[in-house]
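Below is one structure, written out as structure tokens, with a few remarks after it.
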Amino acid sequence: MADLLDLHPYLLCLTFGNDAMTWLSHRFQKDRIYSKTTTKVEMELADRAVGFILASISVTVFTYYSFWVIVLPFVDSDHFVHSYFLPQEYAILLPVYAGVSLICFLSVFIGYVMLKSNSKKKKA
């Protein structure tokens, strides 16, 4: 039946009737569905990999910051572990800076979206 795929669809229909065309259309539809499924599986794996990387980074940052803020004040100041951390002032300044930056970015983004939607309404 594989060599039948080389025939022109019109000749295939004349020779074998509508059953051949039905089989042929189902076969191509099945191939199309299979290719979508493999793409979906590949994307699912990529999403899992990205999720794993982001979760790992989050856990690492949380552990580092928690140790820096909670445990490090109770360790002697001349201990070697202090060389791996910034001064204690930055334990407050960095999250505040990150929060202000996030709020600024979100405000600019929401303002941009609102202006863009108003310009589309005026054009329509």
Side-chain angles (χ1 to χ4, degrees):
M1 203 70 174
D3 56 337
L4 290 177
L5 295 176
D6 297 334
L7 292 175
H8 191 273
Y10 181 72
L11 291 175
L12 194 65
C13 187
L14 285 177
T15 309
F16 297 103
N18 284 335
D19 292 336
M21 290 303 291
T22 305
W23 176 83
L24 193 62
S25 67
H26 283 301
R27 179 188 162 108
F28 286 131
Q29 205 170 31
K30 184 179 179 183
D31 288 344
R32 201 173 317 127
I33 291 170
Y34 177 73
S35 67
K36 286 181 183 178
T37 306
T38 56
T39 305
K40 183 179 177 184
V41 169
E42 290 170 2
M43 289 300 294
E44 201 172 282
L45 290 175
D47 290 344
R48 281 187 175 186
V50 170
F52 178 75
I53 290 170
L54 289 175
S56 300
I57 290 171
S58 298
V59 167
T60 304
V61 168
F62 177 76
T63 305
Y64 179 85
Y65 185 77
S66 297
F67 188 80
W68 183 24
V69 171
I70 297 170
V71 176
L72 206 59
F74 299 108
V75 177
D76 292 333
S77 60
D78 58 344
H79 199 273
F80 75 94
V81 79
H82 280 277
S83 63
Y84 296 113
F85 296 93
L86 293 173
Q88 289 291 321
E89 300 85 41
Y90 291 108
I92 300 299
L93 292 177
L94 289 177
V96 168
Y97 177 73
V100 169
S101 299
L102 179 67
I103 289 172
C104 289
F105 173 75
L106 288 176
S107 300
V108 168
F109 178 74
I110 290 171
Y112 175 75
V113 170
M114 289 173 62
L115 288 174
K116 198 81 162 163
S117 67
N118 282 341
S119 66
K120 284 185 180 181
K121 286 181 182 177
K122 288 180 182 177
K123 288 182 181 178

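Predicted model, so just to flag it, every value in this text is computed and none were measured. Just so it is clear, the values below take in all heavy atoms, side chains as well, and ignore hydrogens, waters and symmetry mates.
Contact annotation: the side chain of Leu72 approaches that of Gln88 to within less than 4.5 Å [non-hydrogen atoms, C-beta and beyond].
In terms of hydrophobic clustering, with Ile, Leu, Val, Met, Phe, Trp and Tyr side chains grouped at heavy-atom distances under 4.5 Å, Val69 and Val71 are assigned to a common cluster. Residues Tyr65 and Val96 fall into different hydrophobic clusters, defined by Ile, Leu, Val, Met, Phe, Trp and Tyr side chains chained together at heavy-atom separations under 4.5 Å.
Scored by the side chain to side chain contact (heavy atoms under 4.5 Å, CB included) test, Ile57 finds Ile53, Val61 as partners (sequence neighbours excluded). With sequence neighbours excluded, the residues forming a side chain to side chain contact (heavy atoms under 4.5 Å, CB included) with Pro87 are Glu89, Tyr90, listed by chain and number. Take Phe67 and apply the ring-ring contact (aromatic ring centres under 6.0 Å, His included) test, not counting sequence neighbours, and it matches Phe85. Residues passing the ring-ring contact (aromatic ring centres under 6.0 Å, His included) test with Tyr97: none are found, sequence neighbours excluded.
For Ser66 (side chain) and Thr63 (main-chain N/O), no donor-acceptor pair under 3.5 Å exists by modelled atom type.
Hydrophobic cluster of Phe52: no remaining members, since no ILVMFWY side chain lies below 4.5 Å from it.
A distance of 5.0 Å separates CG of Leu86 from CH2 of Trp68, quoted to the nearest 0.5 Å.
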Review item, side-chain donor-acceptor pairs of residues 102-117, under 3.5 Å, at least two apart:
{"from": "Ser107", "atom 1": "OG", "to": "Ile103", "atom 2": "O", "distance (Å)": "2.8"}
{"from": "Ser117", "atom 1": "OG", "to": "Val113", "atom 2": "O", "distance (Å)": "3.3"}
{"from": "Ser117", "atom 1": "OG", "to": "Met114", "atom 2": "O", "distance (Å)": "2.9"}

